[in-house]
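Right, one structure below, let's go through it.
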Amino acid sequence: MLHTHLHLNNVQFLSSHSSPSLFPLPSSKFSTVPFPTPIRRRTSFSTLRFRSFTRRLRNSSTNDVQLNETEQKKPVNRAYPFHEIEPKWQRFWDEFCTFRTPDDDDIDTSKPKYYILDMFPYPSGAGLHVGHPLGYTATDILARFKRMQGYNVLHPMGWDAFGLPAEQYAIQTGTHPKLTTVTNINRFTSQLKSLGFSYDWDREISTIEPEYYKWTQWIFLQLLKRGLAYQAEVPVNWCPALGTVLANEEVIDGVSERGGHPVVRKPMRQWMLKITAYADRLLEDLDDLDWPESVKEMQRNWIGRSEGAELEFCILDGDGKERDTQITVYTTRPDTIFGATYLVVAPEHSLISSLISTAQSKHVEDYIDLASKKSDLERTELQKEKTGVFTGCYAKNPANGEAIPIWVADYVLGSYGTGAIMAVPAHDSRDYEFALKYDIPIRWVVMPDDKSIAESGKAFPGEGIIANSSNTLMGLDINGLRSKEAALQVIDWAEKSGNGKRKVNYKLRDWLFARQRYWGEPIPVIFLDDSGETVPLDETELPLILPELDDFSPTGTGEPPLAKAVSWVKTTDRLSGRPATRETNTMPQWAGSCWYYLRFMDPNNSKELVDKEKERYWGPVDVYVGGAEHAVLHLLYARFWHKVLFDIGVVSTKEPFQCVINQGIILGEVQYMACRDEDGNLISADSTNMLNEHNLERISEEKVTKSGDSFVLKENPDIRILARAHKMSKSRGNVVNPDDVISEYGADSLRLYEMFMGPLRDSKTWNTSGIEGVHRFLGRTWRLIVGLPLSDGTFKDRTVSVDEEPTIEQLRCLHKCIAKVTEEIEGTRFNTGISAMMEFLNAAYKWDKHPRSVVEAFVLLLSPYAPHMAEELWSRLGHTKSLAYEPFPKANPAYLKDTTVVLPVQINGKTRGTIQVEETCTEEDAFALASRDEKLSKYLDGQSIRKRIYVPGKILNVVLDRKNIKIGVQ
């Protein structure tokens, strides 16, 4: 695309478009009250309308802001009138739909696009705390910046609104979850708008709306058609007392989080999605993504591709003879097969009943019952003590013919590999601990290159030289080989002898895609009553709408709450007319968030998920910002669905998100804790390992002082205090509400502070007093441009800028700022971009006059960070349109070169100071600068000068007439 460069009073701008027209007030899609139908086409916006709007707001005595009685009675001293400015411009943006992304008919597709997206928020009842706007502010800065650079920007917002919290609240209060969710959405929307984020609210979507989840159901049908959705018996967390299935996060130490009731693992029919079919593609395509390496590594580990072998171990009967049954194990270390001294099967292994001897029956059954009460996470925790029970049965090691015992242990999961392992205690730390505990033989078969390791008394999991690994009868000898070569030879032997085969395995499991809950997307299938056959709904029957229920509580039978909607559950097959029953499980919360980024491209399309032309233009998402907690599941599931949609021709790209940025966490304010002993006396907190919450006491910041690297009590410096910052939570009482901060300092100050706290990707500690610094910066910016307040505390409508050409020094200062701010926004180093603007402001305060062209450029630089103030200043500078689409200033390289030098100044041959001059500075100009210098002027004032010696760029030596030298000056 060709850009045109505009020069305005020596300030160069990058422009590819004219200022936009502005738009009428949009409707609120999820409000319970009616709104006028939004006008979707871009309308012309006249200068007269703009002036009328701004005049109407300025003339209002309170700017339509409802002040409480205290504010009306007592004047509030503010650094600048943000309480008037911010509501004014938020209403302006709403009324004229300033940030609406054009539809197909209006958009100029010859321009570059920029799709920037925040991770879909869940609208909780608590609303936002100050940690949430961190990522939202960063994306808003980028969106505003790219608009000003001439990009078509897609910057939408919506709601991942199905979920467990709303359903739990509904069970407790009887309030329908939709009412709760809509209330929460309205609360979130109000808070986001109060921060001035430039979202296109015309594209707002919510996963709970049938118009949206119609297409979630459609995607499920495509998965079903391609064999990627299936049903299976899967162990779930069943709570008999509550009569319901619980999510993993609802189970703590084997009991329900709500009520503390026992929870057991039991098999239940569930829908599964075959994400494992895409394992290799999900792994390989990570390499081309601009994602944090840590996130890509987490996904690689979660997919867990490994190459190894499946080996067959024959089960032996009581006489030591081989049965017809074999146990298949998967191993990544076939080179250690001679060191396998026992097998372990998972408690849920399909062969477990055939492995138990009569003598061990009771022990094994009790152990299996105990294991059923544990989650997979508890069972596989590395630090926990390993437990198991001998089944009473043996298997034959195929490599050496030895009979080895078969144990059942919960650290092996039935869902991973084959649900059975060959245990090599000498070369696996987990197997080693187990073998020591139960007195099982340990045989070394891999010799490390460092001989001292073999004598350490610990397992050696590494590679080395194979030993004790030969059996001529079995036809296998790998002694003396390196581990990798030995592994290949064992696999070749296993395949030739029928004892196993080469195998690629994955840690990744198929996706459990069902919830025994009400508040979720209905699954669009029915089951024929006479045959049990699964029949998918026809696409014309979508959306399958979630029925209204008055009772959302669990059934107590294991059936989902939807089973209570009898008239909805009982149906007939559309084609055959046979009686049928609807699926009563619902989709998990992940479903709606797997594809929402596509719907933002085309939110009102009732005929297809997304228009192909729109998807080709807007896809993929250029920048996707959210928390690192979504690094695996959400991103992996979204990638899986996207690849399926790519395969069926719905999308044109292999990946949904080209660049992912994880913002850091904002921790609560530092809490100071003193420690008391058992007698209640204050003691120094020298060792946090010996402390617990019962003997800690909160101390106010005023009573604490810094001493070296520690904090101590002011009144007794011998008492060391703990200083801690925690993640914000209600339970800790450290949540900071952004509404309170906005009320006291303004939204622009909050935005600026969150960006100034440190690098976007780092975690930071909130400090309310820290916001005062950026608030002062905005106040100084306001006074520099608008001037000092009048006697009544108000400000003039215009500015104090002058219509004069800027000096070379002013242009240099400006363009260095432009270059730095541009570079730092593009690099998402927003904190250093703010520092550059602060440096410019400090320099500008030293100028006698402030040329309009310089001031305007600075206001445009500030606008992505502090849009409310920037819009107001832009208006006061005489402009009749919003600055949202004004060209972003572009640095002129000519002004970036540092052409000044530090010139030493001598008086009678003795250096008395220095001055900064241009390289081409004349002798007269250099002398004039020296005469005005505060330090040098005392040597020159009133003195008779004999001569001046000037070497350009090197030195200025002023030789005085000694007869007139003031006594005492030298």
Side-chain angles (χ1 to χ4, degrees), residues 28-33 120-128 132 157-192 204-217 220 237 239 242-250 256-259 271 513-524 542-569 582-594 596 599 634 730:
S28 173
K29 296 183 182 179
F30 312 118
S31 176
T32 55
V33 296
F120 226 14
Y122 172 75
S124 67
L128 299 176
H132 294 119
M157 175 52 71
W159 314 105
D160 189 11
F162 279 124
L164 194 56
E167 184 162 352
Q168 287 178 324
Y169 185 77
I171 293 170
Q172 294 164 7
T173 65
T175 307
H176 196 285
K178 181 161 187 177
L179 295 177
T180 305
T181 302
V182 168
T183 299
N184 295 345
I185 286 175
N186 289 338
R187 165 84 170 130
F188 265 66
T189 301
S190 172
Q191 287 187 298
L192 291 176
E204 182 182 11
I205 58 177
S206 171
T207 56
I208 65 173
E209 296 303 311
E211 296 82 4
Y212 180 86
Y213 66 70
K214 166 186 177 178
W215 298 104
T216 309
Q217 293 171 335
F220 177 84
N237 301 312
C239 179
L242 296 177
T244 186
V245 172
L246 301 177
N248 285 333
E249 57 268 24
E250 296 175 279
S256 63
E257 182 181 29
R258 181 163 56 93
W271 282 99
F513 194 76
R515 293 170 67 247
Q516 288 69 47
R517 296 286 182 179
Y518 166 70
W519 193 230
E521 299 93 337
I523 296 175
L542 302 181
L544 174 60
I545 294 177
L546 188 68
E548 294 290 331
L549 278 185
D550 296 325
D551 180 9
F552 321 103
S553 59
T555 60
T557 63
E559 287 187 294
L562 271 180
K564 298 176 183 179
V566 178
S567 61
W568 179 84
V569 171
R582 295 193 190 280
E583 172 62 81
T584 53
N585 285 316
T586 53
M587 298 185 193
Q589 187 177 354
W590 299 108
S593 62
C594 277
Y596 72 104
R599 195 61 178 171
H634 162 61
K730 278 186 177 180

**Asked** What class does the angle between the rings of Phe188 and Trp159 fall in, given that below 30° is parallel, 30 to 60° is tilted and above 60° is perpendicular?
**Response** perpendicular

**Request:** Take the angle between the ring planes of Tyr213 and Phe162 and call it parallel below 30°, perpendicular above 60°, tilted in between.
**Result:** tilted

Measure from the side-chain N and O atoms of [X] to the backbone N and O of [Y], and report whether any donor-acceptor pair falls under 3.5 Å.
X: Tyr596; Y: Ile205; answer: no
X: Thr586; Y: Arg517; answer: yes
X: Gln191; Y: Leu128; answer: yes
X: Ser190; Y: Arg187; answer: no
X: Thr189; Y: Ile185; answer: yes

**Prompt:** What do the steps show when you test Phe220 against Glu521 for side-chain contact (heavy atoms from CB on, under 4.5 Å), and what is the final call?
**Reply:** CA-CA 11 Å; Phe220 177 84; Glu521 299 93 337; over 6 Å; no

**Request:** Tell me, yes or no, whether the heavy-atom count around Tyr169 atom OH, taken from other residues, nucleotides or ligands under 6.0 Å, exceeds 12.
**Result:** no

**Asked** What's the spacing between Leu544 CG and Lys214 NZ if we round to 0.5 Å?
**Response**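 The NZ atom of Lys214 is 13.0 Å from CG of Leu544, to the nearest 0.5 Å.
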
**Item:** Contact list for residues 160-185, test salt bridge (Lys or Arg N to Asp or Glu O under 4.0 Å), sequence neighbours left out
**Value:**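 Residue pairs passing salt bridge (Lys or Arg N to Asp or Glu O under 4.0 Å), neighbours aside: Lys178-Glu209.
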
**Asked** With sequence neighbours excluded, what pairs up with Ser553 under the side-chain hydrogen bond (donor to acceptor under 3.5 Å, both in side chains) test?
**Response** Asp551, Lys564

Any heavy-atom pair between the side chains of [Y] and [X] that's under 4.5 Å?
X: Glu583; Y: Pro560; result: no
X: Pro547; Y: Leu562; result: yes
X: Leu164; Y: Arg515; result: yes
X: Trp519; Y: Leu546; result: yes

